[in-house]
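Heads up, the thing below is written out as structure tokens.
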Amino acid sequence: MATEIKPNTGTWTVKSGLAQMLKGGVIMDVVTADQAKIAEDAGAVAVMALERVPSDIRADGGVARMSDPQMICEIIEAVTIPVMAKARIGHFVEAQILEALGTDYIDESEVLTPADENNHINKHEFSVPFVCGARDLGEALRRIGEGAAMIRTKGEAGSGNIVEAVRHARKVLGQISHIRGMESDELMATARDLKAPYELVKVIHQTGALPVVNFAAGGISTPADAALMMQIGVDGVFVGSGIFKSETPQIMANAIVKATTHYKDPEMLASVSKGLGASMPGIDVRTLPESEQFATRGW
Amino acid sequence: MAPIGVLAVQGDFLEHRNMLDSIGIESVEVRLPEQLENIDGLIIPGGESTTIVQLIDIYEMRQPLLEKARKGLAVWGTCAGMIVIAKHLKDKRPDPLGLMDIVVSRNAFGRQIDSFETDLDINGIDGPPMHAVFIRAPLVTEIGNGVEILAEVGHGKPVAVKQNRILATSFHPELTEDPRMHAMFANIAHSIQ
């Protein structure tokens, strides 16, 4: 049967649906088209195109902005998997530019220097879907309220240290199970305490889950880190500096993909963890002054 | 009756399992070759086709799966799954399994910004049209002998096709509330060959 299509683009279903397709996968930060191809060959479900990985942004200091559109276009040309790119928090014009380039997903990211310390982007106004970072359930629901179609933990990007990603994932999941067990007359006060939209708190109470896909990000640097986050209960992982700052990126990329698929299989995890060479150097997040913590950017 | 397997290396396999569950059909997750035993059918879900094919090869499932399909295992690919089971692709990658005699073009409707929803009439599905969600969706560009077109968008754009016990759809019935396509596949899978 032939149906004349009346296509409806940029809907919530297609925006949140793309994130559904990424589940169980690894999204890798890449800074060149060659790195993007390595990521695709290793089985990445998407790449994040950026000029510098977070550990270099951290080392360089200064203002970090949206990447050069030329570089993003080269990466879009180089691979057939979805290409994501970062806009500064609140910088809706960077987001408009990324949408015009044909970027498949925009990360409104604390890794870049915020453009607006008060407001995030109104993501409902875009056809392209957005992913945003969160440290707790209130922050996740505020971003979803603004139109984010996917959530990730903030973790502490470029630190090589998984501790903050674990903290944020456990916080979000713990708050969800707490709300799940509440009486319905407690939800308004909870929405007030979380500074979260009441309608979304009701959804959490009814379903026991975020209404969008939830990934881990910020500090994942080994296959074991990826599997840890999956066992804690996220849907997939972002790996930033962890792959291309390791000694053998190709092998590390492959190993993290396998660990994410077989996160419940210790024998598989043991076998992929062998002979990886040196991981990226890490830093103790507790030694970072607040001004150097990415996770505290945005609210 | 054996359960329906859902390939669970990557993608929205959980949504397929939930849909089967909603109509009382038992399912199991398939991640390794030995898990292809004792299933009546296999769903290859939406996801990233390059990733799914890489993982099928890394976990050495290609040959066992081809062997099973040759012996009559029912297989249904949705979106990325359609790409995975095609004979040829218009694109350089991935290297598809060749379970169905179709040529498929990836991302045929454009990038994510062109992803869309629409209502679709499908041969073999009674009642009102199905709501179909197309996300960076593929399209069938050529069909071989014995491939039946179940639905098209516009003219000459097949988005649901069937060949014997193999089914492929460009869209995602698992992202809707409508289990009719899953019931159709379960009927094929559980029918005597």
Side-chain angles (χ1 to χ4, degrees), chain A residues 1-27 37 39-46 76 79-84 98-106 126-129 149 213 235-236 254 257-258 260-262 264-265 268 272, chain B residues 8-15 31-32 45-55 58-59 79-80 91-94 106-107 109-123 125 129 131-136 149-160 172 174-176:
Chain A
M1 289 186 198
T3 307
E4 284 305 325
I5 55 166
K6 291 188 282 298
N8 219 344
T9 58
T11 61
W12 176 252
T13 303
V14 300
K15 285 157 75 172
S16 58
L18 177 57
Q20 298 285 347
M21 300 311 137
L22 304 175
K23 281 192 303 191
V26 182
I27 300 168
K37 286 183 198 154
E40 185 174 45
D41 286 340
V45 288
I76 287 175
V79 295
T80 58
I81 53 180
V83 176
M84 301 185 166
L98 292 174
E99 182 172 65
L101 292 175
T103 308
D104 296 298
Y105 237 92
I106 296 176
F126 290 79
S127 292
V128 64
V213 167
D235 298 315
N254 267 303
V257 168
K258 286 188 193 173
T260 304
T261 313
H262 294 282
K264 285 186 283 198
D265 181 346
M268 179 71 85
V272 304
Chain B
V9 294
Q10 193 272 317
D12 71 337
F13 50 87
L14 205 58
E15 281 62 29
R31 288 189 171 82
L32 292 168
E48 272 309 309
S49 58
T50 32
T51 312
I52 292 173
V53 171
Q54 302 271 12
L55 294 173
I58 287 171
Y59 305 128
C79 193
D91 315 79
K92 274 180 276 179
R93 63 171 74 203
R106 297 181 57 199
N107 301 331
F109 297 90
R111 301 195 68 82
Q112 170 60 17
I113 199 160
D114 307 302
S115 293
F116 64 98
E117 305 177 53
T118 193
D119 288 327
L120 204 58
D121 292 315
I122 300 169
N123 280 345
I125 301 278
H131 191 65
V133 182
F134 293 80
I135 298 174
R136 285 170 48 91
I149 296 173
L150 303 182
E152 293 177 282
V153 291
H155 289 286
K157 290 186 174 179
V159 292
H172 295 279
E174 76 280 11
L175 290 185
T176 68

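Note that the structure is a prediction, hence the values are computed from the model and not measured. Chain A is the first sequence line, chain B the second, and so forth, proteins listed ahead of strands; every chain is numbered from 1.
Contact annotation for R136(B): only side-chain heavy atoms (C-beta onward) come within less than 4.5 Å of a heavy atom of chain A. The parts of E48(B) that come within reach of chain A are both its backbone and its side chain, each placing non-hydrogen atoms under 4.5 angstrom from that chain. With a 4.5 angstrom heavy-atom cutoff, D235(A) does not touch chain B via any of its atoms. With a 4.5 Å cut-off on non-hydrogen atoms, N107(B) touches chain A through its side chain but not through its backbone. Interface residue S115(B): backbone and side-chain heavy atoms are both found under 4.5 Å from chain A. Heavy atoms of V133(B) lying under 4.5 Å from chain A belong exclusively to its side chain. With a 4.5 Å cut-off on non-hydrogen atoms, L32(B) touches chain A through its side chain but not through its backbone.
Partners of T80(A) according to the side chain to side chain donor-acceptor pair (under 3.5 Å) rule, which considers only residues two or more places apart in sequence or in another chain, are E40(A), R106(B). Among residues two or more places apart in sequence or in another chain, the side chain to side chain contact (heavy atoms under 4.5 Å, CB included) test is passed with S127(A) by E99(A), I113(B).
Nearest heavy-atom pair, I58(B) versus N254(A), reported as atom, atom and distance to 0.1 Å: CD1-OD1, 4.4 Å. When all heavy atoms are compared, the tightest approach of P129(A) to Q112(B) is CD-CG, 3.6 Å.
Looking only at side-chain heavy atoms (C-beta outward), D41(A) and R93(B) come within less than 4.5 Å of each other. Looking at heavy atoms from C-beta onward, Y59(B) lies in side-chain contact with K258(A) at the 4.5 angstrom threshold. At least one side-chain heavy atom of E117(B) sits less than 4.5 Å from a side-chain heavy atom of V14(A). For the pair R31(B)/D265(A), no side-chain contact is recorded, criterion being any heavy-atom separation below 4.5 Å from C-beta on.
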